[in-house]
Structures are given as C-alpha cells and as structure tokens.
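Okay, structure first, notes after.
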Amino acid sequence: MSQEPVSYLELLARGAAAEAYDRPVLLARASGAGPEALAELERAKQLALRVRAELEGRRRREAELSALFETAHDLAGLRDLDAVLRAIVQRARSLLGTEVAYLSLNDPAAGDTYMRVTEGSVSAHFQQLRLGMGEGLGGLVAQTARPYVTENYFDDARFQHTRTIDSAVGDEGLVAILGVPLTLGSQVIGVLFAADRRARVFGREQVALLGSFAAHAAVAIDTANLLGETRSALAELERANDIIREHSGVLERASEVHDRLTELVVRGGGVHDVADAVSEVLGGRVEFIEDFPDGRASARLADGRALREGDRWVAAVAAGGETFGALALHGQPDLDPVDQRTLERAALVTSLLLLARRSAGEAEQRVRGELLDDLLDAPDRDRRLLRERAARLRTDVDAPHVVLAARIDRAGAGGEADTGVRESADRQRLWSAASHLAATRQGLASARDGGTVLLLPLGPGEDAAELARQTAKHLGGALREPVTVGASSPVPSPLAAPGQVATAYEEARRCLDALRLLHRSGEGAAAEDLGFLGLLLADTRDIEGFVDRTIGQVIAYDRRRGTDLVRTMDAYFASGMSPARTKDDLHVHVNTVAQRVERIGRLLGPDWQSPARALEIQLALRLHAMSAAVAR
C-alpha cells in the first residue's frame with residue numbers, strides 16, 4: 001500500500017490525464033483491498049486531483065501573463081497598428097481556446113461598426129460585415145460598456161437580431177460568443193470577441209482575460225491616434241512657420257500698433273481709445289468686457305495669450321495676478337499669429353490704463369478714510385469744514401448712517417513672520433474692498449484696529465442688522481474670504497453731536513467681538529440680532545425693543561384675545577417647567593396648562609424651551625413686568 005501515493009506522484013510528474021487517476025483505485029479494488037485501504041486511496045486520489053488542478057491553473061495563468069507581457073512589448077515598439085491588433089486577436093483566440101476571435105471598431109463618420117481584424121474566420125461575408133450601431137451582441141456591449149456572453153447566439157433574445165448580422169453569423173457557423181468593450185475613458189470605441197462553432201460556457205476568468213486583451217487593444221489604438229495627431233501638429237507647425245515667413249510685413253504693422261498704444265498711455269487715453277485703435281488696425285470690432293472671463297476661461301488665459309472663443313478672439317486684461325476683464329475681437333475668425341500678439345499687447349496697455357485709474361480711485365478712498373478718521377478721532381473740528389469735505393465726496397452726513405466694524409476671519413498656518421505678512425495683506429485687501437463699497441454707497445471707510453470701519457447710509461426700509469448682513473456678504477464675496485461685520489445702532493446724523501460716531505464705532509466693535517466669540521465668523525449682525533447679549537452691548541439699551549423681539553407675539557396675542565399666556569409662561573418657568581406645579585400656581589386644570597404651552601410654542605417657535613431661548617424669554621418676562629409696574 002505504501003507504493004500507491006508514489007503512483008499518484010508519477011501521474012502528476014508526467015502530467016497524466018484526469019482519467020488516469022482512477023487506475024490505482026481500480027487496481028486496488030481488483031486485488032481485494034479492504035475498505036480502509038480503498039478509502040485511503042480515494043483520499044489520495046482527490047488530493048492528487050486538487051494538486052493537478054492547481055498546477056493546471058498556474059500553467060494557464062503563466063501562459064496568460066506571458067501573452068499579456070508580449071502584447072505590452074508589442075505596444076512599446078508600436079510601428080504597425082494592424083500588426084499589433086492582429087497579434088492581440090491571435091493570442092486571445094489561442095489562450096481562450098476558441099475557434100474564432102475578431103475585433104470590430106466604431107466608425108463615427110459612417111454611424112456604424114465594421115470588422116477590423118479576424119482570426120479563424122472562413123466566411124468572406126463575415127469578414128466584411130458592417131452593422132448599424134446598437135445591433136447584435138456587439139451593439140449591446142457598446143451600449144452598456146459591459147461584457148456580454150451567449151451560449152447560443154440564435155436562441156438569445158437579450159439583443160437585437162437583424163437579418164444582416166444573423167446571416168453573417170450563420171455563414172461563419174458561430175454559436176457561442178463572448179464580447180468585451182474597447183474603451184477609451186468613458187467612450188466605447190469597439191468590441192473584442194471570442195467565439196466557438198458549438199455551444200459553450202465562458203467562465204469568469206476567461207471574460208477577465210479577454211477584457212485584458214481589449215484594454216491593450218484600446219491602448220494601441222489610442223497610441224496610434226496620438227502619433228497621428230502629433231504628426232498633424234508638426235505639419236501644422238511647419239505651415240505656420242511658412243506663413244510667418246511669407247507675412248514678414250505684418251511685423252512692421254505690429255510695431256506701428258505698439259507705438260500708437262504707447263502714445264495713448266503717455267497722453268492719458270482711455271480703455272475705449274485703445275479698443276478703437278486696435279479695431280482700426282485689425283479690421284474688426286474690439287470691445288472691453290468687464291465681467292469676463294469666468295473661472296474656467298481665466299485659467300486658460302492666465303498666461304496672457306489670446307485665445308479663440310467661438311467666433312471671437314479674447315485676451316485677458318490682467319496685472320499683478322488680478323483680472324480686470326478681457327478685450328474681445330469680433331469679425332476676424334482667422335487671426336494671424338502676429339495680430340494675436342497685437343491683441344495681447346492691447347490687453348496689456350488696457351491693464352496699465354486701468355491701474356492708473358485705480359490709483360486715482362485709491363487716492364479718493366484715502367480722502368474718504370481721512371474724513372472718517374476725523375469724525376472718529378476729532379469730532380470737535382469745524383462742522384462746516386467737515387460738511388464741505390463730505391459734500392465733495394457726495395456723502396450726505398445729515399442722513400441716518402450706521403457704523404460697521406469689519407474683519408477677515410480665517411485660520412492660517414505658518415510662523416509669526418508669515419502670519420504678520422498675511423494679516424497685513426488681508427487688511428489692505430479688506431480696506432480696498434470696503435472703500436469701493438463705501439464709494440458706491442456714498443459712504444466712508446477707513447482702516448482701523450486691524451480691520452476696517454465703514455460709515456454707510458441706511459437705504460429705504462433698511463435697518464442696521466440687514467445692512468450688516470449685506471456688507472458681510474458683499475465683502476466676503478469680493479475677497480473670497482469670510483468677513484465678519486458688527487453694526488451699531490443707527491446714527492440719525494453723523495454731525496449732529498460730537499463723539500456719536502466714535503461711540504457707535506465702539507458699539508459696532510463690541511458686536512463684532514461678540515460674533516467672533518459666538519463662533520459666527522463670516523456673518524453680519526447688529527446688537528438686535530444677539531438677544532439679551534445685544535441688549536448689554538448696545539449703547540441705546542433698547543429694553544422695549546428686546547422685549548418685543550423676544551415675547552412680543554405672546555403679549556400681542558394676550559391683548560387681542562384676552563388670554564393669560566404671559567402669566568402662564570412666568571408661572572411655567574417659576575415651577576421648573578412642570579405643568580403639574582404650574583396648574584397649582586394658576587389654579588387651573590393641567591389640560592389648560594398644556595393647551596396654553598402648546599399655543600405659546602406656536603407663537604414663539606418649537607425651540608422656545610431650549611436653554612438659550614428660555615434664558616432670553618425669562619429675562620424678557622422680568623423686563624416686561626418691570627415696565628408694567630413702572631407704567632402703573
């Protein structure tokens with residue numbers, strides 16, 4: 001019995017067929033071996049068969065990897081696309097053990113699919129087959145970008161059968177077909193097939209293997225396309241060089257244009273003067289577009305080159321990393337390269353003119369800041385002179401204004417030097433944006449205390465809280481950083497009383513600090529938005545307004561309906577929010593208490609019993625009671 005395992009080793013060593021592994025068991029049974037010996041031999045046979053299957057699988061995977069490496073080697077030295085695709089189809093047929101393998105490619109121009117490479121095919125009709133998109137098993141693969149397999153093509157109803165396809169498949173005698181997609185990115189460009197002339201089940205490993213060959217085929221096609229595009233680009237470059245040489249006179253014209261643009265800058269011309277000059281030279285219509293380019297176009301125009309956008313050419317007007325807009329040339333779809341440079345130079349000159357205009361604007365901004373500094377620091381100065389200075393800036397100091405304190409709030413990393421440089425840059429950017437906002441609203445702005453202070457007029461129907469929110473949104477959007485804004489109570493007239501602007505600024509700063517402590521960075525608010533905290537921060541101590549904002553709806557309801565909800569709230573909080581103790585205090589049924597509490601929730605909102613709201617409501621109840629007692 002000890003020789004039997006050696007027999008199985010011999011079978012494994014010579015790669016015997018699976019049927020040969022039954023022979024040791026049959027011989028032992030014929031020689032009269034006992035049940036235990038036969039069982040031991042059966043176990044040995046099963047182990048040997050498992051080892052044989054593992055060895056077969058490894059040999060198969062080795063052959064597959066070798067074929068894939070050979071295919072990759074062919075791609076590395078790609079010279080003839082047809083030869084590489086033919087090798088891929090041949091290896092796929094050999095490794096999958098099919099009678100036929102073939103590859104089809106989509107023809108977008110013709111709107112159909114055609115056979116590119118076949119291996120093992122005997123039918124000329126099949127080899128020359130062209131079929132419409134979406135037809136047959138290949139159409140299903142192309143439509144879903146997933147592999148499909150059929151054991152019997154003619155009995156499979158999952159895909160669209162057509163007379164043309166069925167006739168060609170019948171001529172070739174195909175029965176079982178496996179198709180996997182050839183994809184470039186998310187686009188299906190063709191299908192790789194393996195097929196037999198008999199019914200057959202393709203396993204998962206075979207589907208994966210054919211998919212690997214399909215990936216190589218797609219790479220080969222993409223590489224060939226890139227080579228073709230490179231050759232075309234080189235040819236285009238040669239033609240462009242010829243054109244430049246043939247049009248050397250254009251260079252002289254460009255030089256003349258440059259001189260004219262320089263003259264415009266020297267004598268203080270405007271943006272429209274530049275557009276008119278370039279329109280005359282280039283023979284088209286040039287316009288300055290202030291709200292262009294958008295984010296994607298800005299990235300493409302960042303290098304200062306003119307690019308074609310539809311039927312126009314555009315060049316970014318930018319300086320110092322900031323984009324002001326673009327010059328757009330209409331009416332010249334085929335622009336000479338030298339003329340493109342002319343458009344780019346015109347965009348550069350335009351940026352210089354805009355920078356000069358900005359410098360003048362910044363001078364005005366400084367004047368506005370100086371006036372606001374005087375209102376804050378020297379309110380006792382001659383009011384007549386202050387009023388005259390405000391009039392020159394078109395600021396109506398007799399109208400109601402609000403003082404706003406603004407700061408950029410963002411977390412930063414780096415050392416102290418880096419932080420200091422960044423904060424300085426932030427203050428400058430914030431002051432610039434705030435000054436622009438103040439100029440558009442006939443207000444004032446100044447840099448102060450690490451941030452910016454603004455004095456802005458109230459618009460019709462506008463209050464301090466709304467103005468603060470609008471200012472935070474505007475500045476945050478302009479800087480693309482969170483900007484926190486605290487607002488004072490309205491100042492009826494900034495020149496009415498000395499020191500009131502400075503007092504309002506202190507209130508705005510307290511509101512700003514409160515917002516930051518409450519982790520509401522990037523928001524805008526006035527004291528009235530901060531509940532009882534705002535009552536403490538505001539200089540006006542608007543107790544009546546606080547009570548009205550907090551429990552005003554309940555008070556009004558009691559007055560209209562003659563109910564007793566205010567007293568119910570007071571008793572409810574005094575009893576620790578216990579309905580049972582509340583009903584004893586009010587001498588009513590507990591259901592009545594429940595109904596009143598529900599009504600209060602409808603008036604004040606479902607969170608009225610939360611700790612933060614409850615604290616404000618109880619304070620408002622006390623202040624309301626004190627006001628009522630004083631009134632009596």
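Every heavy atom of this structure was used, including side-chain atoms; hydrogens, water molecules and symmetry mates were not.
The salt bridge (charged side-chain N to carboxylate O under 4.0 Å, His left out) check on Arg567 picks up Asp564, with sequence neighbours excluded. In this structure Thr592 satisfies the side-chain hydrogen bond (donor to acceptor under 3.5 Å, both in side chains) test with no other residue, sequence neighbours excluded. Scanning for side-chain hydrogen bond (donor to acceptor under 3.5 Å, both in side chains) contacts around Glu287 gives His330, with sequence neighbours left out. Among residues two or more places apart in sequence or in another chain, the side chain to side chain contact (heavy atoms under 4.5 Å, CB included) test is passed with Glu388 by Arg384, Leu385, Arg392. Not counting sequence neighbours, the partners of Thr471 by the side chain to side chain contact (heavy atoms under 4.5 Å, CB included) test are Leu404, Leu437, Leu456, Leu467, Leu475, Val485. The side-chain hydrogen bond (donor to acceptor under 3.5 Å, both in side chains) check on Arg561 picks up Tyr557, with sequence neighbours excluded. In this structure, the ring pair (Phe, Tyr, Trp, His ring centres under 6.0 Å) partners of Tyr572, at least two apart in sequence or on a different chain, are Trp608. Every residue two or more places apart in sequence or in another chain that forms a side-chain hydrogen bond (donor to acceptor under 3.5 Å, both in side chains) with Arg387 is listed here: Asp398. Here Ala556 pairs with Arg560 under the side chain to side chain contact (heavy atoms under 4.5 Å, CB included) rule; sequence neighbours left out. The side chain to side chain contact (heavy atoms under 4.5 Å, CB included) check on Gln500 picks up Val491, Pro492, Ala496, Ala497, with sequence neighbours excluded. Listed by chain and number, the residues in a salt bridge (charged side-chain N to carboxylate O under 4.0 Å, His left out) with Asp607 are Arg613 (sequence neighbours excluded).
The nearest pair of heavy atoms linking Val566 to Asp558 is N-OD2, 2.9 Å. Nearest heavy atom pair, residue Ser488 against residue Ala508, reads N-CB, 3.8 Å. Between Ala468 and Ala525, the closest heavy-atom pair is CB-N, 3.5 Å. Considering every non-hydrogen atom in both Ala464 and Leu458, the closest pair reads N-CD2, 4.1 Å. Between Gly443 and Thr395 the shortest heavy-atom distance is O-OG1, 3.8 Å.
For the atom pair Leu454 CG and Leu372 CG, the distance stands at 8.0 Å (nearest 0.5 Å). Note that CZ of Arg407 and CD of Glu481 are 13.5 Å apart. Values are rounded to the nearest 0.5 Å. Distance OG/Ser575 to CG/Leu586: 8.5 Å, rounded to 0.5 Å. From Leu621, atom CG reaches atom CG of Asp570 across 5.5 Å, with rounding to the nearest 0.5 Å. Atom CD1 in Ile408 sits 10.0 Å away from atom OG1 in Thr484 (nearest 0.5 Å). For the atom pair Gln595 CD and Thr563 OG1, the distance stands at 12.5 Å (nearest 0.5 Å).
Here salt bridge (Lys or Arg N to Asp or Glu O under 4.0 Å) pairs that include residues 440-451, with residues two or more places apart or in two chains, are Asp373-Arg448, Asp377-Arg448, Arg441-Glu462, Asp449-Arg509.
Side-chain contact check for Asp409 versus Val483: every heavy-atom pair is 4.5 Å or farther apart. Looking at heavy atoms from C-beta onward, Val453 lies out of side-chain contact with Leu444 at the 4.5 angstrom threshold. With a 4.5 Å cut-off on side-chain heavy atoms, Asp426 and Arg429 count as touching. The shortest side-chain heavy-atom distance between Gln609 and Val597 falls under the 4.5 Å cut-off.
For Ser435 (side chain) and Trp431 (main-chain N/O), a donor-acceptor pair under 3.5 Å exists by modelled atom type.
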For this session: Please step through side chain to side chain contact (heavy atoms under 4.5 Å, CB included) for the pair Ile551 and Met569, ending with a clear verdict.
Result: CA-CA 10 Å; Ile551 61 173; Met569 274 198 302; 4.2 Å; yes

Problem set entry | side chain to side chain contact (heavy atoms under 4.5 Å, CB included) between Thr503 and Val403, intermediate numbers included | CA-CA 9 Å; Thr503 301; Val403 178; over 6 Å; no

For this session: Please test Leu603 against Leu565 for side chain to side chain contact (heavy atoms under 4.5 Å, CB included), starting from the C-alpha separation and ending with a verdict.
Result: CA-CA 10 Å; Leu603 293 171; Leu565 298 184; 3.9 Å; yes

Exercise. Which is it for Arg469 and Lys473 under the side chain to side chain contact (heavy atoms under 4.5 Å, CB included) test, yes or no, and what are the steps along the way?
Worked result: CA-CA 6 Å; Arg469 286 189 286 271; Lys473 181 179 180 181; over 6 Å; no

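Just one of Pro457, Ser493, Pro490 meets the side chain to side chain contact (heavy atoms under 4.5 Å, CB included) condition when paired with His401; it is Pro457.
A salt bridge links Arg389 with Asp374; the closest basic N to acidic carboxylate O contact falls under 4.0 Å.
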